[in-house]
Amino acid sequence: MVREMQATAVRERESGKASQSGLANTRNIGFIAHIDAGKTTVTERVLFAAGRIYKLGGVDEGTAAMDWMPQERERGITITSAATTCAWKDYTINIIDTPGHVDFTAEVERSLRILDGGVVVFDAVAGVEPQSETVWRQADRYNVPRICYVNKMDRVGADFHRTVDSIAHRLLANPVVIQIPLGVEDEFKGVIDLIEQKALVYSDEAGAMPEERPIPDEFMKDFQLYRNDMVEKIAETDDELIAKFLDEEEISADELKRALRNATIDYRLVPVVCGSALRNLGVQPLLDAIGDYLPSPLDVPPVVGSDSKTGDEVSRAPDPEEPFAALAFKTVADAFIGRLVYFRVYSGTIETGAMVYNATNGRRERLGRIVRMHAQRREELKVVGPGEIAAAVGLKQTSTGDTICDQREPIVLETISFPEPVVSVAVEPRSRADQDRLIDALAKLSDEDPTFKIATHPETGQTIMSGMGELHLEILVDRMKREFSVEGNVGTPRVAYREAITAPARAEGRFVRQTGGHGQFGHVWLEVEPLETGSGVEFVSKIVGGAIPREFVSSVENGVRGALNTGPLSGYPLVDVRVTLVDGSYHEVDSSTVAFEIAGSMAAKSAVLKARPVLLEPVMSLEIVTPGDFLGEILGDLGRRRANIRNIEGRETIQSIKAIIPLGESFGYAGALRSLTQGRASYTMEFDSYQQAPEEVL
C-alpha cells in the first residue's frame, strides 16, 4: 500500500498536476555534515527505504548511487552535490547530498541557498566536528530549518547524550530529543519514540520495517527523563500547550507534533533523532521526521527579489498561478546531452520548449528539455512547478546564481555568494596540439564551479588555475584528464598574495606627448589612503570647478584600477585602498581619454610607492581535533609554521586546537599531521583573512 501511494505521488509530480495540497507535502532537503559523518550512506538508505533504489550500495565499496563520479568512488568521499527525488508515504522529498570536505564548501553553499530544510548528520562517536560548525553556520545564514540525525550509534564509543550536549554548546542550538537509542554500540537495536511513547525494534534483515513494541523496563527511567524534558521544551514554544503543561494536563502526540513543527520552522527548536544508517536502523523514523517537522515550500516566506526594470522590491509566492521565477544554482557539463543547468522553481510553471528570460543578464533563451536528476541519471519532464528542483538543457547563457523568469514580470532573485579561491597552480598543455582543448576544458570546469577561477598571468603568460585547496585542484586536474582527455603539466601550488598600503600619500601624474598635429595631454593629482581589511578598492572624485572635464574622470578611474592590479612589491593586486582624484588640468585640444587614463595610472603607481606598501598573505582558520597524547608535537609543528594559536579545548581524551596559519605554510599539512599523530588526528581549514606578511616572504 505504501509503495502504491509513493508511486501515485511521483506520477502526479511528473505530470505537473500536483495541487497546493501536493505542494504542502513536498520537502526540499539537503543532507549536510562533516566529512565521514555518513551523509551519503544516510541518503542511500533513505532512497532504499523509500523504494527509489532496490540495491544497497556502499561508500567504501564505491557502489553508492549518489557518489557517481569516479573520483568519489575511488576516494570514498563526496565531491559534488547530487540531486534526487523519492516518495515516502504522502510526501515527495527532493534530496541534495552535499560534500563534507571544506575544499568543496561551495557545493554546500549553493545547495542551502535553494533548500527549504536540512538534515545535519553527526557521528555519535566524534559529536560536533569542525566542518559540522561550518555547515551549521551556512544553514544559519540562509535561515534553513533543520533536524539532527545522530548516526553510527552502533560504533564502539558512541555516546548519544554527549553528542546532543555538544550540539547545544558548540553550535549554540536548542536541540530537543524526540528519539533515544534502544541500546548502544553492538547492542543498538532500535529507537524509542518519545512522542508516540513506543519502542521501534529492528530485525537483522536489511531494509526491514521496525516492529513496534512497548518500552522495555530497563529504558523506562531514561524515557521518562527525556520525555519530560521534551514536553517542557515544546510546550514553552506554544501558549496553548504551556498552559496545559503548567496545569499538568495530558498533551497529545498530535499537539506535540504540531507545536514542534512550528518551532522547527521558526528556528526555535531542532529535533534530534538517531540511528545507524549502515545497518539500516532508524531510517524510516528519520523519513517520518522529515515529513513531520521540516517545512514545505508553502511554509517558508515568499521569495523576495527586485524588479529588473524599476529596482523595486517584489515577491513571489509558491503558487502555479504566479509569474514564473526560478534560480539557477548549479551548472554541469554532461558528456551526453551537453550543458545542464540545475534550477529551483519558486513560483509559476514552465513547460519544455518554452522561452524564459534571464533577468540577471537580460537575455532570452529556450528551455530545450527539462529533466529530473537521480545522481547522474535523468528522467524527462514535460512541466515543472513551484517548489520543484530540476535541470534544463539549452540554457547556454545562464550561469550559477542567475534568475530565469517570465519576461513580462521580470524579477532578480538574490544571487549566491561564494568564497574567493586562495590556492593557485600554473598549468600548461603537454603538447601544442592540446592548447585549445586545455582552454576549453578549463572553461567548462570553471563554468561548473564558481570557486574555480582561471586567469592568464600578465607578465609570464602562464595559465593560472585557482581553487579552495590542494584536494580541490587535484580533483579538477584529474577530471581534466579523464573527462576531457587533456594532459597538463601542473606547477606547485601558489599562494594568492595581495598588496596594501600603510600610510596616506599624494602624487602627480602628467602625460604629455607632442607629435605633428594633435598631441596628448593628461594631468592629475591623486591621494591614496589605506582602508579597513576587506574594503577593496574605492575611487572618489573631488574635482570641482571643471579642473578636469567630467568625461575624463572615468578614464582616470580606469587607469587607476589598472595600475592597482599590479602592486610595486611583487606584482600582486592592491586591496583596501581609497584613491581620491583631487586636482588636475587639461588641454582643450590635446586632452583625450587615453591621455587621462595613462596619467591616472602614472599617478597611482607613484602614490602607492610613497605610501609604504606591504605584502599581504592569506591566513587560514585551522581547527585540529587530536588525542591529547599528541598535543605537544602538534603545537611544536604549528610554531615552526608561523601559526598563531587562538584556543585549546579539552574534552575527555580529545583536544581541539584552534589557530590561524599562513596558507603558504599549510601545503602538505595533511601528510604532516598524519605522521605526527599516527593518523589519529583530523583537521579542517577555511579562509580567514589577509594579514601582513613578514619581510622574509618577499
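Atoms considered below: every heavy atom in the structure, side chains included; atoms not considered: hydrogens, waters and symmetry mates. Given the structure is predicted, the values throughout are model-derived calculations rather than measurements.
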Min side-chain heavy-atom separation [X]-[Y] under 4.5 Å:
X	Y	value
Y342	S111	no
I501	L574	yes
L638	I624	yes
L635	I657	yes
R146	I32	no
F452	S466	no
L115	I389	yes
V128	I167	yes

To the nearest 0.5 Å, tell me how far [X] [atom1] sits from [Y] [atom2].
X	Y	atom1	atom2	result
I416	D402	CD1	CG	9.5 Å
L395	T331	CG	OG1	11.0 Å
E538	D576	CD	CG	9.5 Å
T626	L631	OG1	CG	7.0 Å
L622	L663	CG	CG	11.5 Å
R344	F329	CZ	CZ	9.5 Å

Hey, is the main chain of [Y] close enough, under 3.5 Å, to the side chain of [X] for a donor-acceptor pair?
X	Y	answer
R141	R113	no
Y267	N143	yes
T677	L673	yes
N361	Q397	yes
E499	G571	yes
K610	R506	yes
R437	V486	no

Between V477 and M465, is the side chain to side chain contact (heavy atoms under 4.5 Å, CB included) condition met? List the steps.
CA-CA 10 Å; V477 170; M465 47 191 276; 3.7 Å; yes
Contacts of type ring pair (Phe, Tyr, Trp, His ring centres under 6.0 Å), residue [X], not counting sequence neighbours:
X	result
F539	none
F630	none
Y669	Y683

Please check if any side-chain donor atom of S656 sits under 3.5 Å from a side-chain acceptor atom of E623, or the reverse.
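Side-chain D/A pair, S656 to E623: present.
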If the threshold is 4.0 Å, N to carboxylate O, is there a salt bridge linking [X] and [Y]?
X	Y	answer
E617	R642	yes
D449	R479	no
E557	R561	yes
R155	D123	yes

Take V579 and L564, measure what side chain to side chain contact (heavy atoms under 4.5 Å, CB included) needs, and give me the verdict at the end.
CA-CA 10 Å; V579 181; L564 296 185; 4.0 Å; yes
Between [X] and [Y], what is the shortest heavy-atom contact and its length?
X	Y	value
D116	P145	O-CD, 3.2 Å
A328	T398	CB-CG2, 3.8 Å
F122	S132	CE2-CB, 4.0 Å
A603	G509	CB-N, 3.5 Å
G401	T415	O-OG1, 3.2 Å
Q655	G650	OE1-CA, 3.6 Å

Pick out which of K330, R339, K453 makes a salt bridge (charged side-chain N to carboxylate O under 4.0 Å, His left out) with D447.
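That would be R339; it is the only one of K330, R339, K453 passing the salt bridge (charged side-chain N to carboxylate O under 4.0 Å, His left out) with D447.
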Kindly determine whether I96 and I114 satisfy side chain to side chain contact (heavy atoms under 4.5 Å, CB included), including the steps that lead there.
CA-CA 10 Å; I96 295 182; I114 55 93; 3.9 Å; yes
Apply side chain to side chain contact (heavy atoms under 4.5 Å, CB included) to the pair M480 and L438, showing each step before the final yes or no.
CA-CA 8 Å; M480 194 168 64; L438 174 70; 3.5 Å; yes
